[in-house]
Asks: 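Sending over a structure as structure tokens; questions will come in a sec.
Atoms within a ligand are numbered from 1 in the order they appear, just like the ligands themselves.
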Amino acid sequence: MEEKKKRIFSGIQPSGELTLGSYMGAIKNWVALQDEYDCLYCIVDMHAITVRQEPALLRKRSVNQLAQYIACGLDPKKNIMFIQSHVPQHAELGWVLGCYTQFGELSRMTQFKAKAKQHADNITSGLFTYPVLMAADILLYQADLVPVGEDQKQHVELTRDIAQRFNGVYSDTFTLPEPFIPQMGARVMSLGDPGNKMSKSDPDGCVFLMDKPEDIMRKFKRAVTDCETAVKFDKVNKAGISNLLTIYCTATGKTIEEAEAEFEGRGYGIFKPAVGEAVVELLRPIREESERMIADKAYLESVYKEGAQRAQYLANKTLSKVYRKIGFVAR
Ligand code: ATP
Ligand code: LTN
């Protein structure tokens, strides 16, 4: 008998352009896993509104992000690809799970603390309960695995805690998900400040998937390093160089040892543009394919409509089970 494939769920907010960090930390793995797993890849627009968004831009980015997912190598025939707000069960389960999540647990979330600082004039209850909606995303589909970057590990762990608590009260309902974090590229650092995560809110330290080759080269040539000359991996003393080595190896498939040997005695003036070129070549086909896809609105619409339908079918199964267990009257 053929074994049932394990399930994957992951998503990215359309709150900005996709970055090299989100590619190396998440999307690259999504592509690698699509044959072996039963996957749902989402554009989490409901998460994006936890900080203020420009409506026209949010709409455009949501559709463009789908084009970029496909350009990165995700096949809409193999995966369910959809927009979160098209599947209302996310919000419905989110409400229920919020009643099984402690205020104290949410107060400890690192991303909340960071975003609250960043948006001190607009700390909404949505920003605070963001991880509950994320737990709903994952648990609705009974996902086994959640491929994300290192920064999302804490949210997946909270999701497990919520699921375990619910299962404990009402008998087995949810699959307990595991985070799936890449060995290399789990935390790509800013090119301008290697002490901080590469993030879309810092355009200079950040490479976007749609950046032109000349912009990518400029950003890498300017990347902050140190005052030595050796291309050596040492996260503590050489954070900038270690980050560039990680990017270079993730882009080319080489090991750190191979890259160190390649640049031995050659200095940063050679190394930095070489990393830039590797990234230009990695991103060139993605950018070109995205541009082609973005022009084909009818096709993109057919993908997200079909995706939402298939996702709703699965989501409904979990939600009706949950409603029955907690004692809601059947409609
Ligand atoms: P923000 O800048 O608002 O914090 P972000 O770029 O961190 O946003 P997303 O784009 O929502 O956040 O992240 C999408 C996915 O990419 C997540 O799985 C996240 O863990 C991963 N990711 C984002 N930035 C990086 C990075 N610098 N290194 C590795 N993975 C990353
Ligand atoms: N919180 C994530 C985005 C996200 C997500 C999810 C990731 C929302 N729902 C479900 C994996 C699974 C972020 O900020 N990058």
Asks: Judged by non-hydrogen atoms, does Gly185 sit under 4.0 Å from ligand 1?
Replies: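 Flag set, Gly185 near ligand 1.
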
Asks: Gln13 heavy atoms, cut-off 4.0 Å: which ligand 1 atoms fall inside?
Replies: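 In order of number, 11 (O).
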
Asks: Is there a polar contact between ligand 1 and Thr19, counting only N or O atoms under 3.5 Å apart?
Replies: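 No - when backbone and side-chain N and O of Thr19 are compared with those of ligand 1, no distance drops under 3.5 Å.
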
Asks: So is Asp151 polar-close to ligand 1, meaning N/O to N/O under 3.5 Å?
Replies: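 For ligand 1, there is an N or O atom that lies under 3.5 Å from one belonging to Asp151.
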
Asks: Run down the list His155, Gln152, Met134 and name the one with the heavy atom closest to atom 6 (C) of ligand 2.
Replies: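 It is Met134 whose heavy atom sits nearest to atom 6 (C) of ligand 2.
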
Asks: Salt bridge (charged side-chain N to carboxylate O under 4.0 Å, His left out) with Lys219: which of Asp211, Asp202, Asp204?
Replies: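 For Lys219, the salt bridge (charged side-chain N to carboxylate O under 4.0 Å, His left out) check succeeds only for Asp211.
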
Asks: Geometry only, no angles: is Gly149 polar-contacting ligand 1 at N/O separations under 3.5 Å?
Replies: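 Right, the criterion is met.
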
Asks: Heavy-atom distances under 4.0 Å are what count here, so tell me which part of Ser22 touches ligand 1: side chain, backbone, both or neither.
Replies: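 The answer is both.
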
Asks: Considering Val188, Ile27, Val44, which one's heavy-atom position lies nearest to atom 28 (N) of ligand 1?
Replies: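 It is Val188 whose heavy atom sits nearest to atom 28 (N) of ligand 1.
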
Asks: Side chain or backbone, does Asp151 bring an N or O within less than 3.5 Å of an N or O on ligand 2?
Replies: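 In fact, backbone or side chain, Asp151 has no N or O that close.
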
Asks: Considering both backbone and side-chain atoms of Val148, is one of its nitrogen or oxygen atoms within less than 3.5 Å of a nitrogen or oxygen in ligand 1?
Replies: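 The answer is no, given that Val148 and ligand 1 share no N or O pair closer than 3.5 Å.
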
Asks: Run the numbers for me: atoms of ligand 2, each under 4.0 Å from some heavy atom of Ile138, listed by number.
Replies: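 Listed by number with element: 10 (C), 12 (C).
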
Asks: Kindly say whether the aromatic ring centers of Tyr141 and His90 come within a distance under 6.0 Å.
Replies: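 Close enough - the centres of the two rings lie under 6.0 Å apart.
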
Asks: Could you check whether Glu178 pairs with Lys6 (Lys NZ or Arg NE/NH1/NH2 to Asp/Glu carboxylate O, under 4.0 Å)?
Replies: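 Looking at Lys6 together with Glu178, the answer is no, because their closest N to O distance does not fall below 4.0 Å.
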
Asks: Applying a strict 4.0 Å limit to heavy atoms, is Gln84 in contact with ligand 2?
Replies: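 Contact absent.
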
Asks: So is Ala26 polar-close to ligand 1, meaning N/O to N/O under 3.5 Å?
Replies: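 No - when backbone and side-chain N and O of Ala26 are compared with those of ligand 1, no distance drops under 3.5 Å.
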
Asks: Using non-hydrogen atoms of the residue, decide whether Ile12 is closer than 4.0 angstrom to ligand 2.
Replies: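 Under 4.0 Å: no for Ile12.
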
Asks: For Asp137 and ligand 2, does the shortest N/O to N/O distance drop below 3.5 Å?
Replies: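 Between Asp137 and ligand 2 (N or O atoms, distance only) the closest approach is under 3.5 Å.
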
Asks: Considering only protein heavy atoms, which is closest to atom 7 (C) of ligand 2, and at what distance to one decimal place?
Replies: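 Its nearest protein heavy-atom neighbour is Gly11 O, 3.4 Å.
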
Asks: At a 4.0 Å threshold, what atoms of ligand 2 neighbour a non-hydrogen atom of Phe9?
Replies: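 Counting from 1, the qualifying ligand atoms are 10 (C), 12 (C).
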
Asks: Taking 4.0 angstrom as the limit, do Arg7 and Asp144 come out as a salt bridge?
Replies: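 No, no charged N to carboxylate O under 4.0 Å.
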
Asks: Indicate yes or no: does Glu157 engage Arg160 in a salt bridge with an N to O separation below 4.0 Å.
Replies: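 No, no charged N to carboxylate O under 4.0 Å.
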
Asks: Under a 4.0 angstrom heavy-atom cut-off, which atoms of ligand 2 come close to Gln111?
Replies: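 The list of qualifying atoms is 14 (O).
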
Asks: When you look for heavy atoms under 4.0 Å from ligand 1, do you find them on the side chain of Met24, its backbone, both, or neither?
Replies: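 It is neither part, as no heavy atom is under 4.0 Å.
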
Asks: Looking at ligand 1, does any of its N/O atoms fall within less than 3.5 Å of an N/O of Lys115?
Replies: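 In this structure, Lys115 places an N or O atom under 3.5 Å from an N or O of ligand 1.
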
Asks: Show which atoms of ligand 2 fall inside a sub-4.0 Å distance from at least one heavy-atom site of Val44.
Replies: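 Going through ligand 2 atom by atom, the ones under 4.0 Å from Val44 are 8 (C), 9 (N).
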
Asks: Give a yes or no on whether a salt bridge exists between Arg187 and Asp151, defined as a side-chain N under 4.0 angstrom from a carboxylate O.
Replies: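 Not counted as a salt bridge, because no side-chain N and carboxylate O are separated by less than 4.0 Å.
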
Asks: For atom 14 (O) of ligand 2, what is the closest protein heavy atom, and at what distance to 0.1 Å?
Replies: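 Checked against all protein heavy atoms, atom 14 (O) of ligand 2 sits closest to Tyr130 OH, 2.6 Å.
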
Asks: One residue to check: Lys200. Relative to ligand 1, which of side chain, backbone, both or neither has a non-hydrogen atom less than 4.0 Å away?
Replies: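 Answer for Lys200: both.
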
Asks: Could you check whether Lys305 pairs with Glu301 (Lys NZ or Arg NE/NH1/NH2 to Asp/Glu carboxylate O, under 4.0 Å)?
Replies: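 Yes, Lys305 and Glu301 are salt-bridged.
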
Asks: Heavy atoms only, cut-off 4.0 Å: how does Ala186 contact ligand 1, side chain, backbone, both, or neither?
Replies: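 It is the backbone that gets close, since no side chain atom is under 4.0 Å.
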
Asks: Number the atoms of ligand 2 from 1 as they appear, then name those within less than 4.0 Å of a heavy atom of Val148, with their elements.
Replies: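 Contacts of ligand 2 toward Val148, numbered from 1: 7 (C), 11 (C).
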
Asks: Counting from 1, what ligand 2 atoms have a heavy atom of Ser10 closer than 4.0 Å?
Replies: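 Listed by number with element: 11 (C), 12 (C).
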
Asks: Would you find more than 12 non-hydrogen atoms of other residues, nucleotides or ligands less than 6.0 Å from Glu264 atom CD?
Replies: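 It does not: Glu264 CD has 12 such atoms or fewer within range.
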
Asks: Carefully, step by step, assess Gln309 and Tyr313 under the rule side-chain hydrogen bond (donor to acceptor under 3.5 Å, both in side chains).
Replies: CA-CA 6 Å; Gln309 245 173 22; Tyr313 173 79; over 6 Å; no

